[in-house]
Amino acid sequence: MKCKVCRDAAVIDIRRHNANFCEEHFIRYCQQQVLRAIHDYDMLEPDDRVLVAVSGGKDSLAIWDILLDNGWKADGVYVGLGIGTYSDTSLEMTERYARSREVELITVDLRAEHGFDVPTASAETGRVPCSACGISKRHLFDSTAVSRGYDAVITGHNLDDEAAVLFGNVMSWQTDYLGRQRPMLPARDGFPKKAKPLMRLTERETAAYCVLRGIEYQIDECPMAVGNKHLAYKAALNDLDVESPGSKAAFYLGFLQRAVDRFEGDSGRGDLGQCARCGAPTDAAVCAFCRIVQRTEGAAAAPVEVVIKRYAGGRRRP
Ligand code: FES
Ligand code: ZN
Ligand code: ZN
């Protein structure tokens, strides 16, 4: 196996591009894919101050690394979700990386600063853990970026994530979500600009990038993602991609090129007001995050294992 660029020994094959790369040219390939996404979708200006939403996993650390190496002033924000040892390790990996690059890391701890954690929110609201997790992360990334004057929030969603979300939305014809599934959403209505510059790279590639760059990351999947349908969609798309390399990328990138605009009419958020409690933009009197804060006030902390058991298999157990 030889590198497509220099003919030295290759360390990875990328079947959808019919190419093999050595270490140096694979790193360059990853950077080029990110720069192409940023260019094609007008994600960032060279002098934008960006806030990278970091989880300690391979994707968010890879994109942070690539943005720093390409000259962006990029700080990180980490949200402590209170998911037992998984959260402890994730924070440790994130802090280790931030120290190694001497960059600023903002940490927000849900329990210490907002009085709840994801397992407790799930137990109190009766909703899957990922619901409270997603609401909390989106709210805290957005509010941190707006209050500290960042130009954009960057998330580490990769090609597999986006293709799986698209697959799920198509399966149930969620046309309003389809209209919103763009890799860049401009700032509006009090929300910051949001971009996903890893949209052209697969998880296998971001993992390889971290290994080759010597970046240590949280290897475990979130234990609360048990039964999450996206994992099944990802597996199905990966099976297809083995049979027909490139089909996953064609599905998602083809949707962006040829179909997403057809759903534009459904993508509006409607008229937004301000949350009575925190001032964040919302279409309700109190935003979804503050409703969790209110629902969990005074609640005893729910053990992680108990909540995981309840949702194992994708269904809530009575
Ligand atoms: Fe959201 Fe685990 S509950 S990542
Ligand atoms: Zn090479
Ligand atoms: Zn609020």
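The figures that follow rest on heavy atoms only: side chains count, while hydrogens, waters and symmetry mates do not. Whatever order the structure lists them in is the order used to number ligands and atoms, beginning at 1.
Among all non-hydrogen protein atoms, the one lying nearest atom 1 (Fe) of ligand 1 is Cys133 SG, 2.3 Å.
Vertex the Zn ion (ligand 2), arms ending at SG of Cys6 and ND1 of His25: the angle is 110° after rounding to 10 degrees. At the Zn ion (ligand 2), the vertex angle linking SG of Cys22 with SG of Cys3 is 110° (nearest 10 degrees).
More than 12 heavy atoms of other residues, nucleotides or ligands sit less than 6.0 Å from atom NE2 of His17. Enclosure of atom NZ in Lys4 is not indicated, since only 12 or fewer non-hydrogen atoms of other residues, nucleotides or ligands lie within 6.0 angstrom.
Closer than 2.8 Å to the Zn ion (ligand 3) sit the protein N, O or S atoms Cys275 SG, Cys278 SG, Cys287 SG, Cys290 SG.
Note: Phe289 and Phe116 meet the aromatic proximity criterion, with ring centroids under 6.0 Å apart.
Using a 4.0 angstrom heavy-atom cutoff, Cys130 counts as in contact with ligand 1.
Between Tyr233 and Phe167, the angle of the ring planes goes over 60°, which puts this pair in the perpendicular group of the 30/60° scheme.
Partner Thr206 forms a side-chain hydrogen bond (donor to acceptor under 3.5 Å, both in side chains) with one of Asn158, Asp59, Asp160 and no other, that one being Asp59.
Defined by atom type and a distance below 3.5 Å, a donor-acceptor pair is present between the side-chain atoms of Gln218 and Ser90. Looking at Ser55 and Ser60, their side chains do bring a donor and an acceptor atom within 3.5 Å of each other.
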* Assess whether side-chain hydrogen bond (donor to acceptor under 3.5 Å, both in side chains) is satisfied between Tyr209 and Asp65, documenting all intermediate values. => CA-CA 10 Å; Tyr209 177 89; Asp65 196 64; 2.5 Å; yes
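Using a 4.0 Å cut-off to heavy atoms of Cys222, the atoms of ligand 1 that qualify are 2 (Fe), 3 (S), 4 (S).
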